[in-house]
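To keep things clear, I will list the structure first and then write my remarks on it.
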2 protein chains.
Amino acid sequence: MSLATAKRDARQVLLRPSSVVEAVYDSIYHRLMALEIAPGSRIPIDVLAREIGVSQTPVREALTRLEREGLVRKEHLIGYSAAPQWTRKQFEDLYAFRLLLEPEGARLAAQNMTPTALRDLEAVAADMEHGEGPVDRTTRYSRFARADAHFHDEILKIAGNEVIRSTLSGQHVHLHIFRLMFNTRVTQEALEEHESLLDAFRAGDPRAAMDAMREHVERSRDRLLMAFE
Amino acid sequence: MSLATAKRDARQVLLRPSSVVEAVYDSIYHRLMALEIAPGSRIPIDVLAREIGVSQTPVREALTRLEREGLVRKEHLIGYSAAPQWTRKQFEDLYAFRLLLEPEGARLAAQNMTPTALRDLEAVAADMEHGEGPVDRTTRYSRFARADAHFHDEILKIAGNEVIRSTLSGQHVHLHIFRLMFNTRVTQEALEEHESLLDAFRAGDPRAAMDAMREHVERSRDRLLMAFE
DNA sequence: CTATATCAGATCCTATACGATATTGTATTT
DNA sequence: AAATACAATATCGTATAGGATCTGATATAG
């Protein structure tokens, strides 16, 4: 490997991902996830730019992306604000939507399952249970929400339909759920349902995977619906 | 109504929608639709800004939105370019995706159908057939694609699930189809299928609406698949 | 003739400055 | 006392300028 190539590789690794916009996007995303920015509250561009330590332009681009993803709202000549807490109807619509896509994703994944893909998926599932170290409830649930997102995304990767995958990941389901439920714990049942999903994958049974996923999503919905009462 | 209120209303109507970013977004969108910007070709920000007559910042925000929607691609420190033409696999994935959502959308719409909603929908369908004036093939098909998008969106509005609706509208299905098919004519059959959909809505039959939509999407897919050969 | 190094042009990324608009608070009038 | 008119502040929207990086061409050495 030449020196120039090594240098280029270093740049690829060190500088490429740094693009300020990406960093700003992640920063805002995590602030929303951690509820540092409360749902519905204003997000002044210049304040954010000062806090993060960059100029306004990259903040603008990050907010534009977040707006398109539904995480923040924009009112012309008024400004940006964090998306308000979800209504029950939005929540039900989202789950009706997931129930149309995720069972089919599980079915496709079972069809395409390979030994290595199954091993990777089991590794992801195992990570969810062994969160290292005792932490406060909020952090623990935040970590769970991200791991769950990872698990579902991994299944959709195996399924192979990129339209379904990118759509569901773009919905930021788990972020919204976290904002709704951050103070509860409903993780144990979910882990068991994931296990029966894995069983279906191990058996290579598309129909069973589909049913297991449907049941998982439905039960998840029912668990969370209690938050509205 | 006070003078101040009248003035504010005027502003609402005249100035609010004008926000430069919106105009720029529409401009780029229509250029993509009209194939003035060929799939895969570069889109220099400053050139675009000069052509449209605005500064770079609004162009940047519009391109960020378009990137998130998959219509343009962005490479860090290289620039934006129009999304490349679709592969057959992407196309099939998209239709598998639509087949999961649109029949259910039609079913929900049939359930919620009201006389006024039906009348509006019939008006939209009628617009599709009476394109005024003789125009070239490309313009005619572009107009058809937009009208078809409008028709499907109207059904999803009636269905009432905003997650499904915004997701499908965000996929810009019809723009991609147009870019694929702009030089063919496959409109007549689609109009007939819309008609049988309307029949199901008139009868208030959710099951029939679901089946009609499934058939419409499947036939649409099969018609377009020929473009890959 | 091929490969490497250097240089120029183009483009993107970031920062700052200015003008336009909405919101908020105060004073005045009825 | 309540409502209206006015002014000040904060924020957004836009424009422009400068620094950093990539791409492509040219020249030189092997």
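Worth knowing before you read on, the calculation uses all heavy atoms, side chains too, and leaves out hydrogens, waters and symmetry mates. Below, chain A is the first sequence line, B the second, and so on; all start at residue 1.
- Within 4.0 Å (heavy atoms only), A/V54 reaches sugar-phosphate atoms of the nucleic acid but no base atom.
- When each of B/Q56 and B/R42 is assigned the nucleotide of DNA chain D bearing its nearest heavy atom, the one mapping closer to the 5' terminus is B/Q56.
- Across the protein-nucleic acid pair, A/I52 atom CD1 and C/dT14 atom P stand 12 Å apart, rounded to whole Å.
- Closest to the side chain of A/P58, from the set C/dT23, C/dC12, C/dA15, is C/dA15.
- Protein atom OH of A/Y80 is 18 Å distant from nucleotide atom P of C/dT21, rounded to whole Å.
- Nearest to the side chain of B/I78, among C/dC12, C/dT21, D/dC22, sits D/dC22.
- B/R60 has no carboxylate O lying under 4.0 Å from a charged side-chain N of B/E67, or vice versa, which leaves the two without a salt bridge.
- Relative orientation of the B/F151 and B/H194 rings is parallel, given thresholds of 30° and 60° on the angle between their planes.
- Distances shown here put every side-chain N or O of A/S55 at or beyond 4.0 Å from the OP1 or OP2 atom of C/dT14.
- Overall, the helix from C/dC1-D/dG30 to C/dT30-D/dA1 carries an axis bend of 10° between its ends, with five pairs at each end and the value rounded to 10°.
- Using a 4.0 Å heavy-atom criterion, one finds that B/I43 contacts the sugar-phosphate atoms exclusively.
- In the model, A/S81 has no side-chain atom that pairs as donor or acceptor with a side-chain atom of A/E75 under 3.5 Å.
- Here CD1 of B/I43 is found 13.0 Å from NZ of B/K74. Values are rounded to the nearest 0.5 Å.
- Between the side chains of A/Y29 and A/E69, no donor-acceptor pair of N or O atoms lies under 3.5 Å.
- Between B/T57 and B/R50, the residue whose closest nucleotide on DNA chain C is further toward the 5' end is B/R50.
- Listed pair B/H76 / C/dC13 meets the phosphate criterion, a side-chain N or O lying under 4.0 Å from OP1 or OP2.
- Regarding A/D46, its CG atom lies at a distance of 10 Å from the P atom of D/dA10, rounded to whole Å.
- A salt bridge links A/R88 and A/E92; the closest N-O separation between the charged side-chain nitrogens and carboxylate oxygens is under 4.0 Å.
- B/E102 is linked by a salt bridge (charged side-chain N to carboxylate O under 4.0 Å, His left out) to B/R98, counting only residues two or more places apart in sequence or in another chain.
- With C/dT11, D/dT14, D/dT23 as the candidates, the nucleotide lying closest to the side chain of A/R60 is D/dT14.
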